[in-house]
Peer 1: 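Input: one structure, supplied below.
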Amino acid sequence: MNLLDDAWLPVRLRDGQHLKISPAELSRADVVAFDAPRADFNGALAQFGIALLQTVAAVETAAEWRQRFHSPPDRATLGDGLLSVRAHFEFDGTGARFMQDLDLRDGDPVPIANLLIETPGENTLKNNCDHFVKRHQVRRMCPHCAALALFTLQLNAPAGGAGHRTGLRGGGPLTTLLVVPAGIEPPRSLWHSLWLNVLPAPVFEQLNGERDRAEPYARMPWLASIHTVQAEGGALAPTQVHPLHVLWSMPRRIRLDMDNLDTGDCDLCQQASAHLISRYVTRNYGLNYKGAWRHPLSPYYAVKDDQLPVHPQPGGLGYRHWLALVLGVHNDKRQIEAAAVVSRFLGDPLLRRSGTDLQLWSFGFDMDNMKARCWYESTMPLYGLADCDAAARTQLRDVLSAWLAGADLAASYVRNAVKDAWFSADARGDFSHIDAAFWSRTEPVFYLLLRETVASLLAASFSDGMDAKNRWLRHLQSTALHLFEHDLVGAGPIERQNMARVARAHNQLLANLRGPKLRAALALPALLKTSPSPARKSAGLKNKPAGNAAA
C-alpha cells in the first residue's frame, strides 16, 4: 500500500456523496471536506494534506500563491508533483514505512487500539477504571484507518511513560487553520481550505531548519535509522534537519505488524477488509524534540525567554479565545502569537485578498499528562478581517481586548455571587459550569458587535467604539443578572435557600456590575457622581447615577 497511489482519503462531495480519493485528487472542484469516522482523524487529514502540498507544491512568491489559490492544479499536474516523494510513502513492506521506525522488528505486541489517544492505559485497566471509554472497543483496523491513527498519534503524542516522547508541539497541541466556509459564492473546494495554510517556500523555510539539508531523512525521519536522524541519547534541534521536518515529525517508535492480518470489518470505519491490523510493536526513546521549534499551524505564548505552543484547556474553545488565536495578545500579562499561517496571511495584502470570507478552525486534545480529558473543536468567523490593513487590525485588537477584559470580570462577578448565595463560607470545587454558561450566553452578541466593528473599519467609519462598548456593557449586565436570578440561584426551591444570603449576594452582584471596575475594564469613562437632591438628602437617600442600570 502506497499512500500517494491508493484512494484512502475519506471525503465528502458537494452533492453529499461520500467516497475515498487519492492525494492527487485533492484539487477536485467537487470535494468540499474530509469525512473520517473520528473528529481527530479529520484534523490529522487536514494537516496531512497541508504538509503534502507544502512539500511538493509550494510556490516562491505571494503572487504565485494567489494565482494557485484561484486556479488549482489538475489531477495530472498534482500527481506529477507527488511522484518526487512517492517512494517515501510506502505503508507496508520490509523497508521504510510511513511514520514507522525503520529498525524496529521485534518486541512484545501492543493492541492496535493503543494508537488512539483516548484508549485506556495499562494502569486504568488494571484498576478497572475504564468507566467512560471502555476497553476492547477497537480490536482491528483496516490499513486506511491504521494510517490515520498512526499519523494522528505522531502529531498529538502525549506523555506515554519513560522515554515515550511527546510530539514536537508537546502532547495534544492546539491547531488553528484558515478555512473557507461552506455555502459561499463562488463555490470553494477542499483545495482552497488546504492551500490557505500553505506558505510560500521562502517564508516557510525561515521558521525552522536548514534548507540545505538534502538528505531525504532530514525531511521525513522514517527513511533512516533513528540514530542517523538523532545521536543516541541526544535531542533534535531545528538546525539539525530540513524545515519540512516540522510537518512530518515522528516522536514515537512504532512499527505495525503487517504479517498477522485478519479478515472482516474495521472497527472504526466498518468497511470490509482482508488486511485488518490488530497489533504493533513499539519502543521508547524516539526522536527527542528540543529547541526553538516553531510549527506554522499552532499559536505560541511567551514564558520568560521561551516560546511554547498553546494547548487546549478545560472549558473548550470560544469567543474569548478569538483575539489570541486570530490577532494575538500583547500586554503586560500575556504575550500570544497567532499561528504563522494566520499572521502571515493577514499581514500580506497579496495573500489575504483571496476574494472570499474566511473562518478559523481550531481543534486539539485537552490532555492531562497521558489522559485525554476532551477533544475540543471550534470554527470562528473572521468576517471581512482579511481585507483590513495593519492599522485597522491594531484598532480592532485594542477594542476586543477591552471587550474580553470586561467579559472576564463580569463572569467572575457571577461566579462569586452564586458561590456567596449557595454557601456560607468560601466554597471550593469546580464552578466552571457557571463560567461556561456566561460565555455561551454572551457569544452571539459578541459576534454581532464584532461583525459591525469590522465592517465599520473597512468602511473607514470607525470612531472611538464607545457605542459598541456601551452595548456590550449592557449585555454583560443583563446576562449576568439573568443567570443569577433565573437560571442558577433563582432556579432553586426557595424553601431550601438562605434568602438573606441570596439577597446579600444579589445586591453585591448589582453593585459590581454597576461599579467603576467593570467600566474601567471596558475602557469606558467613569460616571460622574451626582450630589443628592435636598429632598432625598433629608430622607438619607442618594441619587442613582443616570444610565448606570442594567438593561
Peer 1: Is there a donor-acceptor contact under 3.5 Å from the side chain of R393 to the main chain of C388?
Peer 2: yes

Peer 1: Do L13 and V31 have side chains that get closer than 4.5 Å, going by heavy atoms?
Peer 2: yes

Peer 1: Just by distance, do the side chain of S456 and the backbone of S461 share a donor-acceptor pair under 3.5 Å?
Peer 2: no

Peer 1: Using atom types as modelled and distance alone, determine if a side-chain donor or acceptor of H192 lies under 3.5 Å from a backbone N or O of F69.
Peer 2: yes

Peer 1: Would you call L148 and L45 a side-chain contact if the rule is heavy atoms closer than 4.5 Å?
Peer 2: yes

Peer 1: Students often mix this up, so state it plainly: with edges at 30° and 60°, are the rings of F363 and W361 parallel, tilted or perpendicular?
Peer 2: tilted

Peer 1: Please confirm whether the backbone N or O of T379 pairs with a side-chain atom of Q359, one donor and one acceptor, at under 3.5 Å?
Peer 2: no

Peer 1: Just how far is it from atom CH2 of W293 to atom OH of Y300, taken to the nearest 0.5 Å?
Peer 2: 10.0 Å

Peer 1: To the closest 0.5 Å, what do you measure between CD1 (I434) and CG (D487)?
Peer 2: 11.5 Å

Peer 1: Does atom CZ of R373 have more than 12 heavy-atom neighbours from other groups under 6.0 Å away?
Peer 2: yes

Peer 1: Can you tell me if K419 has over 12 outside heavy atoms packed within less than 6.0 Å of its NZ?
Peer 2: yes

Peer 1: Kindly indicate whether the side chain of L358, heavy atoms from C-beta on, has any atom under 4.5 Å from the side chain of V179.
Peer 2: no

Peer 1: Report yes if some heavy atom in the side chain of W403 is under 4.5 Å from a heavy atom in the side chain of T453; otherwise report no.
Peer 2: yes

Peer 1: Quick check for you: to the nearest 0.5 Å, what is the distance between L199 atom CG and L297 atom CG?
Peer 2: 8.0 Å

Peer 1: Stepwise, does the side chain to side chain contact (heavy atoms under 4.5 Å, CB included) test hold for F446 with W439?
Peer 2: CA-CA 10 Å; F446 173 86; W439 291 110; over 6 Å; no

Peer 1: Quick check on salt bridge (charged side-chain N to carboxylate O under 4.0 Å, His left out): which of D420, D408, D430, D435 does R415 satisfy it with?
Peer 2: D435

Peer 1: At their closest point, which heavy atom of L518 faces which heavy atom of N512, and how far apart are they?
Peer 2: CB-O, 4.1 Å

Peer 1: Mind listing the closest non-hydrogen atom pair of L522 and G406 along with its distance?
Peer 2: CD2-CA, 3.8 Å

Peer 1: As a quick check of understanding, evaluate side chain to side chain contact (heavy atoms under 4.5 Å, CB included) for F151 and L155, giving each step before the final call.
Peer 2: CA-CA 6 Å; F151 187 57; L155 286 175; 3.6 Å; yes

Peer 1: For R252 and R165, indicate whether the former's side chain and the latter's backbone hold a donor-acceptor pair under 3.5 Å.
Peer 2: yes

Peer 1: Whether the H482 and T479 side chains hold a donor-acceptor pair (N or O, under 3.5 Å, no angle test) is what I'd like checked.
Peer 2: no

Peer 1: Compare all side-chain heavy atoms of S362 with those of E377 and state whether any distance is below 4.5 angstrom.
Peer 2: no

Peer 1: Between P296 and L247, is there a side-chain heavy-atom distance shorter than 4.5 Å?
Peer 2: yes

Peer 1: Looking at Q47 and G43, would you say the former's side chain and the latter's main chain have a donor-acceptor pair under 3.5 Å?
Peer 2: yes

Peer 1: Quick one, L207 with V246, criterion side chain to side chain contact (heavy atoms under 4.5 Å, CB included). Give me CA distance, side-chain angles, the key distance, then yes/no.
Peer 2: CA-CA 9 Å; L207 295 176; V246 73; over 6 Å; no

Peer 1: Ignoring hydrogens, what is the shortest heavy-atom contact between A372 and F365? Give both atom names and the distance.
Peer 2: CB-CD2, 4.1 Å

Peer 1: Less than 4.5 Å apart, side chain to side chain, heavy atoms only: is that true for L115 and T152?
Peer 2: no

Peer 1: State, with a plain yes or no, whether a side-chain heavy atom of L473 is found less than 4.5 Å away from one of R519.
Peer 2: yes

Peer 1: Within the distance-only criterion (no hydrogens, no angle test), does the side chain of S440 pair as donor or acceptor with the backbone N or O of A436 below 3.5 angstrom?
Peer 2: no

Peer 1: Which word best sums up how the rings of F484 and H506 line up, parallel for under 30°, tilted for 30 to 60°, or perpendicular for over 60°?
Peer 2: tilted

Peer 1: State whether the side chain of N470 and the backbone N or O of M466 hold a donor-acceptor pair below 3.5 Å, judged by distance alone.
Peer 2: yes

Peer 1: Provide the full list of side-chain hydrogen bond (donor to acceptor under 3.5 Å, both in side chains) pairs with a residue in residues 317-330, sequence neighbours left out, each pair given once.
Peer 2: Y319-T442, H330-Q335

Peer 1: Can a salt bridge be assigned to the pair E337 and R294 using a cut-off of 4.0 Å between side-chain N and carboxylate O?
Peer 2: no

Peer 1: Keeping the roles fixed (side chain from Y376, backbone from P314), state whether a donor-acceptor pair exists under 3.5 Å.
Peer 2: no

Peer 1: Checking L510 against Y413 for the side chain to side chain contact (heavy atoms under 4.5 Å, CB included) test, could you report, in this order, the C-alpha distance in whole Å, the side-chain angles of both residues, the deciding distance, and whether it holds?
Peer 2: CA-CA 9 Å; L510 279 173; Y413 287 157; over 6 Å; no

Peer 1: Could you tell me which non-hydrogen atom of A36 sits nearest to which non-hydrogen atom of P10, and how far apart they are?
Peer 2: CA-CG, 3.8 Å

Peer 1: Counting distance only, does the side-chain N/O of D267 pair as donor-acceptor with the main-chain N or O of M141 below 3.5 Å?
Peer 2: no

Peer 1: Which heavy-atom pair separates V454 from L396 by the least distance, and what is that distance?
Peer 2: CG2-CD2, 4.0 Å

Peer 1: I'd like to know if the side chain of S249 pairs up with that of R169 as donor and acceptor (distance under 3.5 Å, no hydrogens or angles considered).
Peer 2: no

Peer 1: From Q54 CD over to F204 CZ, what is the distance, rounded to the nearest 0.5 angstrom?
Peer 2: 4.5 Å

Peer 1: Please give me the minimum heavy-atom distance between R501 and A421, naming the atom from each residue.
Peer 2: NE-O, 3.2 Å

Peer 1: With rounding to the nearest 0.5 angstrom, report the CG to CG distance, N156 to L174.
Peer 2: 10.5 Å

Peer 1: Please round to the nearest 0.5 Å and tell me the distance separating atom OG of S478 and atom CG of L483.
Peer 2: 9.5 Å

